[in-house]
Every structure is written in structure tokens, then in C-alpha cells.
Amino acid sequence: AADSPSPQEHGLDFQRLLDASDYKEMFRQDMIRWGEEKRNADPGFFCRAAVEGALQPVWVVSDARRLSDVEWFRDVYGDVVQTVRVVATEETRKRRNWVFVTGVDDAESECGLDQGVAFDWVITNDGDEVALGEQLEVLLQSLHRSL
């Protein structure tokens with residue numbers, strides 16, 4: 001929609017949209033609405049944009065948010081796709097200054113993968129760097145073996 005922001009279409013500061021600033025929060029609901037409109041018209045719109053020009057044998061698509069995204073990658077790339085979910089307790093998230101916002105944090109863009117996906121890997125990130133490192137090492141070793 002003409003009143004919904006996308007960096008290219010509306011001259012927004014892309015770098016500021018990437019951080020956790022108040023600037024991003026001002027546009028967050030409009031960005032979600034714009035993304036939903038694009039996805040409703042073409043479910044693979046953002047997935048194709050993510051892989052455009054990617055030639056590396058291994059790459060990471062971070063921050064997939066919807067079942068349709070996971071399904072698209074699995075349909076296009078099959079068994080080579082490895083899904084990873086990073087989780088943290090609500091207590092940990094609050095210590096990191098997360099505050100639940102109704103209409104945003106309960107939207108599909110934030111919780112669309114909470115059900116319906118059998119993740120290949122679940123990584124816990126509750127602030128224990130050693131435990132996180134150990135989990136990531138196991139994941140990396142597995143990925144290296146599959147090359």
C-alpha cells in the first residue's frame with residue numbers, strides 16, 4: 001500500500017530499521033502490514049529476494065518468520081535445507097529489554113513458526129555463552145559432515 005513503508009519505496013533509513021531503536025518501532029506495524037500484502041499476493045516474494053544471486057554452496061537465511069517461508073525453501077531446495085530455531089526464556093528476553101506489544105508480538109511475523117514446523121535444530125540462547133558455543137559447535141560439525 002502507498003502508506004506502508006518499505007525502505008526502497010518510502011525513503012526510510014534502512015540501517016535504523018535493522019536495530020532495536022524507537023525509529024524502527026514507529027514503522028514496525030506498517031512494515032508488517034506491507035509484508036503481509038506482498039506475501040498474500042505472492043508467498044515466495046521475500047524468499048526469492050533472499051536467494052537472488054546467491055552462488056555459495058552453503059548459506060544461511062536468517063530470521064525466517066512464517067511457515068510459508070520454511071515450506072518454500074524445503075520445496076525449492078529439498079533435503080539440504082536445515083532449519084534452526086533459537087529460543088530463549090521469557091525471563092531472558094525481558095532481561096534483554098523485550099516488552100510484549102499486543103498486535104505486534106502476537107502477529108504471524110513474530111510467532112508464525114511457533115507451531116507447525118519440525119525444526120532440525122533447536123538452540124537455546126539464555127545467556128550461557130559456553131552452552132551456546134557447545135550447541136553451535138555440534139550444529140557446525142553436522143553441517144560440515146553434510147558438505
Side-chain angles (χ1 to χ4, degrees), residues 1-90 92-94 96-127 132-133 135-147:
D3 62 347
S4 299
S6 75
Q8 291 83 5
E9 294 175 19
H10 297 278
L12 299 177
D13 185 332
F14 182 69
Q15 290 303 316
R16 290 186 69 194
L17 292 174
L18 295 176
D19 64 26
S21 67
D22 290 338
Y23 182 86
K24 175 183 174 180
E25 291 304 313
M26 288 189 318
F27 298 106
R28 192 171 179 202
Q29 287 185 309
D30 286 338
M31 289 188 303
I32 291 168
R33 189 177 313 112
W34 176 83
E36 293 303 325
E37 290 170 2
K38 292 291 189 186
R39 269 183 203 83
N40 288 338
D42 176 7
F45 177 82
F46 292 106
C47 295
R48 281 192 306 283
V51 301
E52 186 177 334
L55 302 174
Q56 298 80 3
V58 174
W59 32 279
V60 175
V61 177
S62 63
D63 210 17
R65 292 174 175 253
R66 290 167 179 78
L67 181 57
S68 61
D69 294 340
V70 173
E71 290 172 342
W72 187 90
F73 280 100
R74 285 182 172 158
D75 288 347
V76 172
Y77 296 103
D79 292 340
V80 299
V81 173
Q82 293 285 300
T83 55
V84 180
R85 181 173 179 98
V86 179
V87 297
T89 64
E90 190 168 322
T92 297
R93 296 172 75 197
K94 286 179 179 178
R96 294 173 178 157
N97 297 320
W98 172 76
V99 176
F100 182 87
V101 176
T102 301
V104 174
D105 291 306
D106 52 0
E108 185 183 7
S109 64
E110 303 303 312
C111 56
L113 296 177
D114 287 353
Q115 298 175 9
V117 178
F119 286 92
D120 299 302
W121 300 89
V122 177
I123 304 294
T124 301
N125 183 10
D126 275 325
L132 178 61
Q135 295 171 85
L136 293 175
E137 185 60 34
V138 172
L139 171 59
L140 289 173
Q141 288 175 7
S142 176
L143 296 176
H144 280 266
R145 284 192 300 271
S146 67
L147 291 178

List for me each residue that meets ring pair (Phe, Tyr, Trp, His ring centres under 6.0 Å) alongside Phe73, sequence neighbours excluded, and say none if there are none. none

Of Val122, Asn125, Thr92, which is the lone residue that meets side-chain contact (heavy atoms from CB on, under 4.5 Å) with Val87? Val122

In short, Ala88 meets Arg93 closest at the heavy-atom pair O-CD, 3.7 Å

Would you compute the distance between atom CD of Glu37 and atom CG of Asn40 and round it to the nearest 0.5 angstrom? 8.0 Å

Output yes when Glu90 and Lys94 qualify as a salt bridge under the 4.0 Å nitrogen-oxygen rule, no when they do not. yes

Measuring from atom CG of Leu140 to atom CZ of Arg145, what distance do you get when rounded to the nearest 0.5 angstrom? 10.5 Å

Residues Glu108 and Arg65 bridged, charged N to O under 4.0 Å: no

Just wondering, more than 12 heavy atoms not from Asp79 lying within 6.0 Å of its CG? no

Once rounded to the nearest 0.5 Å, what's the spacing between atom CZ of Arg66 and atom SG of Cys111? 10.0 Å

Going by atom type alone, with no hydrogens or angles, which donor-acceptor pairs under 3.5 Å involve a side-chain atom of residues 47-57 and a protein atom two or more places apart or on another chain?
unit_1: Arg48; atom_1: NH1; unit_2: Gly44; atom_2: O; d: 3.4
unit_1: Arg48; atom_1: NH2; unit_2: Asp42; atom_2: OD1; d: 3.2
unit_1: Arg48; atom_1: NH2; unit_2: Asp42; atom_2: OD2; d: 2.2

Could you please spell out the steps behind the side chain to side chain contact (heavy atoms under 4.5 Å, CB included) verdict for His144 and Val58? CA-CA 10 Å; His144 280 266; Val58 174; over 6 Å; no

Looking at Gln115, I want to see if its CD is surrounded by more than 12 non-hydrogen atoms of other residues, nucleotides or ligands under 6.0 Å. no

Taking only residues at least two apart or on different chains, which pairs with a member in residues 69-78 satisfy side-chain hydrogen bond (donor to acceptor under 3.5 Å, both in side chains)? Arg74-Thr83

Which pair of heavy atoms, one from Leu113 and one from Leu67, lies closest together, and at what distance? CD2-N, 3.3 Å

For the OG1 atom of Thr124 and the CG atom of Leu132, what is their distance to the nearest 0.5 Å? 9.0 Å

Step-by-step side chain to side chain contact (heavy atoms under 4.5 Å, CB included) determination, Val84 to Leu139: CA-CA 9 Å; Val84 180; Leu139 171 59; 4.0 Å; yes

